[in-house]
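What you see below is based on every heavy atom in this structure, not just the backbone, and it leaves out hydrogens, waters and symmetry mates. Order of the sequence lines fixes the chain letters, A, B, ..., with proteins taken first and strands second; residue numbering starts at 1 for each chain.
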Amino acid sequence: MEILVVGLNHKTAPIEVREKVAFNGPKLEEAVNILKTSDVVKENIILSTCNRVEIYAGVNEINAGVEGIKDFISDFHKVPKALLDKSLYIHKGQEAIRHMYRVAASLDSMVVGEPQILGQLKDAYDAALQNKTTGMYLNKLMRKSVSVAKRVRTETKIAESAVSISFAAVELAKKIFDDLSSKSFMLIGAGEMAELAARHLINSGIKDGYVTNRTTARAEELAHEFRGKVVLFDNFTQELRHIDIVICSTGAPHYILMKEQVHRIMKERKQKPMFIIDISVPRNIDPEINDLDNVYLYDVDNLQGIIETNIQERAKEAEKAEQIVDDEIGSFLKWTASLTATPTIVALRNKAEEIRKSELEKTLMKMGPLEEKTIRAIEQLTSSIVNKLIHPPTAALKAEEEDKEQMLGIIQKLYNLQIEDDNDKT
Amino acid sequence: MEINVLLFELALTFYFIATIAGIVEIFRGKKTSSRLAFYLAATGFLFHTANIIVRYIQGGHIPVTNMHEATSFFSWCVLILFFFHELRYKLGLLSSFIMPIVFLLMFSASIFPREIKALSPVLQSYWFGIHVILAFLGDAAFAMACGIGIMYLLQERFVKSKHLGGLFQKLPSLQVLDDINYHLITLGFPLLTFAMITGVIWANSAWGTYWRWDPKEVWSLITWLIYALVLHLRLTVGWRGKKAAILSIVGFVIIIFAFYGVTLILKGSHVFM
């Protein structure tokens, strides 16, 4: 059995191609079942996300497998093979294992270290399990991939620091306020990043949300979305005294919040700290506000600066992760090697031969001096009995396909054979 | 070597290593901090506690009757509060900022003569134990507030200036530091108040007068007024955060002056005669 990965991702294919070959919802189930009936593909899992479409397969013969899978994608999605050839990558054997580990550990992701991919991979595996499209090899590889991903997560800091502006803002808020559950935020204006930051704050359990916008209708829309309260744009500064986190992103060409105003607001709120995030360009908040005690003002460049350092750090951690992947490939290869029957057969033969020799020796000693011819006859007798006894199990072992691992285990146990195997049974 | 001296030296040594470990921790770039300094401090604390018990048994009273014993007992009280906060709140880098204070107190204790003296008759009262324990626990709370205040100022600097390195990651959040600083002052202030009340009662029973304008008394009053001001400003005009942190450092500097300066330079009944 050979492992094979055929697929495309955000690096090799633009969205126009990716959406053409995506296996969404019910299509996925249909696809895995069609592949199951194929002669060349023995096992399969299909992973389809917005950034990648990949087919993991166990095949008997690599080239036939590759062609079979390509034909399948082309037929299923009615896409010309020429278009696929430009985008598809093919990984075989060891490289296929590496690829699957890297995908699971989020080393191949657009944002390295983002955690969703592992869940998506598990979902793909669940779909395969439900349709019984996997066998021993992919099952083992899948379990291994999950454990590699977990190892990477715990042993490196790959997913530790924020790499998006909105998330960096929330991380910072936690370093200022610690627990957000008693805090409130106000969204001034609306923009994609500001909304995202608000969503992160809500996910972190922030208590209250307020929304203000020049067009009240838009404010109401957002307030509904965040279950927040609408504040009229004309008097948002009056509300600021009970707001802890301000996220500002309006299209205003000038400052909408001045130092004197915030100075007054801070007095009113008895200097309780305030975190102001100005995502607007041009800036909407007077930068001098950062000089006030207990006020922390961050603009887009400040946040960008944070995530750039974090991205560099992730790159460093990714190197450590690649090392882990390398180690784990070795352990998978050892497992596949343990599946070949040869070492067990050799051990069985050796054991039988050992018994035969020692018993023969004992008997010959008891019988006293004998003729050379008689000795040889006895030797031949023992050999042929042993060989005849061993032949059926060895033949069966060599022939077995489906439950080879189990059968090897049984034989090793029955005959108490010690096979060198330091492969961990995860 | 006497057993109590040996125990003291062991404690001092462990505090020294803990201090070094704590300082190394500050400059170690990693985002997560190790608790090595904490375990070293805890080991030293066991020897330290044994030392205090031995001296208590040998002297027959709480060992605070000379400068050696008093500073040693002071740092012991700081450690009690340190362990409580470390275990309860698990504040990153707390040991890096508290252990230097503990070590410096212990180091100064090691310089003073160590003989165990009998308690002079004038001090023999059961107010004695209550007074010194309240006073030292109060001072220990202010010592902790000073350490926490320094941590706050550092972290505040990082957030303001947008230098968000490893040290920023390891230090606790501003809110937690400010809250704990406040809690420590609200703990220290009543302790100091009760220490002064018991001191006054005790003074009356020993010398027949409540207040003698002894330098120690005067400086205690100054300390008390400063922390009263810290609490007052916080509650009325919101002097929290940076200002509260600075005041808690200033307050502790004055306590240290009152503790060493008054005893060594100025003279009074708190000089151990």
Side-chain angles (χ1 to χ4, degrees), chain A residues 154-162 168-169 171-183 241 244-245 263 265-277 287-310 312-314 316-317, chain B residues 28-34 85 88-94 148-149 151-183 229-248:
Chain A
T154 48
E155 290 178 25
T156 75
K157 289 178 200 137
I158 196 150
E160 204 163 78
S161 41
E171 294 283 283
L172 210 49
K174 285 184 186 158
K175 269 301 196 191
I176 296 170
F177 299 109
D178 208 72
D179 178 18
L180 299 180
S181 64
S182 61
K183 307 296 174 205
R241 65 195 178 92
D244 304 296
I245 300 171
H263 185 74
I265 291 164
M266 286 308 285
K267 261 190 193 160
E268 284 170 4
R269 51 190 276 120
K270 285 201 177 164
Q271 303 295 328
K272 275 199 294 182
M274 211 170 171
F275 178 32
I276 307 178
I277 304 147
E288 280 186 22
I289 285 173
N290 194 46
D291 299 340
L292 295 168
D293 259 3
N294 299 313
V295 184
Y296 307 96
L297 171 65
Y298 275 68
D299 66 27
V300 150
D301 279 6
N302 301 145
L303 293 171
Q304 193 65 44
I306 299 171
I307 66 174
E308 256 150 44
T309 347
N310 289 350
Q312 283 167 13
E313 240 162 71
R314 276 199 184 189
K316 253 188 265 163
E317 292 299 316
Chain B
R28 214 170 57 107
K30 298 267 171 57
K31 277 185 178 177
T32 44
S33 52
S34 85
H85 282 83
R88 169 119 190 241
Y89 301 106
K90 300 211 165 39
L91 301 175
L93 292 183
L94 184 64
I148 298 271
M151 290 166 82
Y152 182 92
L153 289 183
L154 265 178
Q155 184 68 308
E156 200 263 357
R157 200 69 248 137
F158 290 137
V159 179
K160 270 275 191 221
S161 63
K162 282 105 184 170
H163 285 305
L164 310 182
L167 193 46
F168 161 81
Q169 301 286 352
K170 283 188 280 183
L171 280 167
S173 68
L174 289 172
Q175 178 96 52
V176 161
L177 288 171
D178 191 43
D179 284 351
I180 291 177
N181 178 280
Y182 177 58
H183 287 156
L229 190 71
V230 173
L231 288 177
H232 175 76
L233 287 173
R234 181 175 192 115
L235 296 174
T236 53
V237 287
W239 272 40
R240 61 176 78 234
K242 197 171 159 187
K243 288 188 176 109
I246 292 172
L247 282 180
S248 55

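At a 4.5 Å heavy-atom cutoff, the contact between B/Leu235 and chain A is made by backbone atoms alone. For A/Ile176, the parts sitting under 4.5 Å from any heavy atom of chain B are the backbone and the side chain alike. With a 4.5 angstrom heavy-atom cutoff, A/Lys272 touches chain B via backbone and side-chain atoms both. Residue A/Phe275 does not touch chain B at all, counting heavy-atom pairs closer than 4.5 Å. For chain B, no part of A/Asp179 is nearby; none of its heavy atoms comes within less than 4.5 Å. The part of B/Phe158 that comes within reach of chain A is its backbone (N, CA, C, O), which places non-hydrogen atoms under 4.5 angstrom from that chain. For B/Val159, the parts lying near chain A are the backbone and the side chain together; criterion is any non-hydrogen pair under 4.5 Å. If you measure heavy-atom distances from A/Leu303 to chain B, you find no contacts under 4.5 Å at all.
Considering only heavy atoms from C-beta on, A/Asp293 stays 4.5 Å or farther from B/Trp239 through its side chain. Side-chain contact check for B/Leu164 versus A/Glu171: every heavy-atom pair is 4.5 Å or farther apart. Two residues are said to be in side-chain contact when any heavy atoms from C-beta on lie closer than 4.5 Å; A/Asn294 and B/Arg240 meet this criterion.
A side-chain donor-acceptor contact under 3.5 Å links B/Lys160 to the backbone of A/Val295.
Closest heavy-atom contact between B/Val237 and A/Gln271: O-CG, 3.9 Å. In terms of heavy atoms, B/Glu156 sits closest to A/Tyr296 at CG-OH, 3.4 Å.
Interatomic distance, CZ of B/Phe168 versus CD1 of A/Ile306, reported as 7.0 Å (0.5 Å rounding). One distance of note links NZ of A/Lys270 with CZ of B/Arg234; it measures 11.5 Å at 0.5 Å rounding.
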